[in-house]
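Encoded as structure tokens, the structure appears first; notes follow it.
One-based numbering along the sequence shown. In this text the structure is predicted, and so the values were computed from the model without any measurement.
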Amino acid sequence: MGYHRAGFEVDGCDIADRPSYPFAYHRGDALAYLARLIDSGEIERYTLAHASPPCQNKCALTVGTNTSQGWGGTHEDLVPPTRALLDACGLPYVIEQPNGRAAIRKDLTLCGEMFGLGVLRHRNFELGRWATGKPAHPRHRGYVRGHRHGVRRDGPYVAAYGKGGGKATVPEMQHAMGITWTDVREELTEAIPPAYTRWIGAAFLSARQEVFA
């Protein structure tokens, strides 16, 4: 949605059915789909590629709390094969991951406080074949509401993940992130606020304009 608001025509791909997705949608393995676009030459229809590989392998929750408690299972790291295909496609690209140990360059780190949102939701972005300046990271106004490590806190931000322990309700997540087109909890907990990709899309268009000026 953020790229759409920045002026892009958007195509999406995911392995799961996403009936609420508001743009052109291709269901299937995203890496296989990207490979087909490259092999067929259809990739030339596109201007920018954005990939958000599954983050469970090395996100902060997996390598921190879940590992310490013996929770969860094993997860495949799809960042390297994603990057390899993006490098092969020839397009400028963006790879997004949460905080943790994912092996991406942190060319950008965006936070909800930068956009006046009700979530913090820090996300890191690796930029391929283009660059932009990093926005200042403002000081947080307080805590994320809810229970964490046995301590209950109130604050101006909601926890848009999981259930229980003061986590955000579906309406709270929708409001905090500015997402209105889905009320599916799983989709909301996996989403990044459209304000992030709107900022990235605008920065990319500005950088491209400077190159061709």
Does [X] use its side chain to pair, donor to acceptor, with the backbone of [Y] at less than 3.5 Å?
| X | Y | value |
| --- | --- | --- |
| Glu172 | Thr169 | yes |
| Ser206 | Ala202 | no |
| Glu96 | Arg123 | no |

Problem set entry | Met173 vs Lys167, side chain to side chain contact (heavy atoms under 4.5 Å, CB included): CA-CA, chis, key distance, verdict | CA-CA 9 Å; Met173 285 190 281; Lys167 302 293 194 304; over 6 Å; no
Kindly write out the residues that satisfy ring pair (Phe, Tyr, Trp, His ring centres under 6.0 Å) with [X], not counting sequence neighbours, or none if the list is empty.
| X | answer |
| --- | --- |
| Tyr93 | none |
| Trp130 | Phe204 |
| His122 | His137, His140 |

Problem set entry | Contact list for residues 6-16, test side-chain hydrogen bond (donor to acceptor under 3.5 Å, both in side chains), sequence neighbours left out |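 Only Asp11-Tyr46, Asp14-Arg18 qualify under side-chain hydrogen bond (donor to acceptor under 3.5 Å, both in side chains).
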For this session: Keeping to residues at least two apart or across chains, list the side-chain hydrogen bond (donor to acceptor under 3.5 Å, both in side chains) pairs with something in residues 192-203.
Result: none
Suppose we screen for side chain to side chain donor-acceptor pair (under 3.5 Å). Which residues come up paired with [X], at least two apart in sequence or across chains?
| X | value |
| --- | --- |
| Gln174 | none |
| Asp107 | Arg105 |
| Tyr3 | His50 |
| Arg185 | none |

For this session: Before accepting this row, confirm whether a basic side-chain N of the pair Glu113/Arg121 lies closer than 4.0 Å to the acidic partner's carboxylate O.
Result: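 No salt bridge links Glu113 with Arg121.
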Problem set entry | SB check Glu126 Arg83 (cutoff 4.0 Å) | yes
For this session: Kindly determine whether Leu34 and Leu86 satisfy side chain to side chain contact (heavy atoms under 4.5 Å, CB included), including the steps that lead there.
Result: CA-CA 8 Å; Leu34 179 55; Leu86 290 172; 3.9 Å; yes
Exercise. Listed by chain and number, what are the side chain to side chain contact (heavy atoms under 4.5 Å, CB included) partners of Pro156, not counting sequence neighbours?
Worked result: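 Pro156 satisfies side chain to side chain contact (heavy atoms under 4.5 Å, CB included) with Arg141 only.
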Exercise. Are there more than 12 heavy atoms of other residues, nucleotides or ligands under 6.0 Å from atom CZ of Phe23?
Worked result: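 Atom CZ in Phe23 is packed in, count exceeds 12.
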Seminar exercise, completed: Note: with side-chain heavy atoms under 4.5 Å as the link, the other cluster members for Val144 come out as Leu120, Tyr157
For this session: Apply side chain to side chain contact (heavy atoms under 4.5 Å, CB included) to Tyr143 and Asp154, showing your working.
Result: CA-CA 6 Å; Tyr143 292 105; Asp154 289 318; over 6 Å; no
For this session: Would you kindly confirm whether Ile95 and Leu91 end up in one hydrophobic cluster when ILVMFWY residues are joined by side chain heavy atoms under 4.5 Å apart?
Result: yes
Seminar exercise, completed: So salt bridge (charged side-chain N to carboxylate O under 4.0 Å, His left out) across residues 19-28, not counting sequence neighbours, yields none
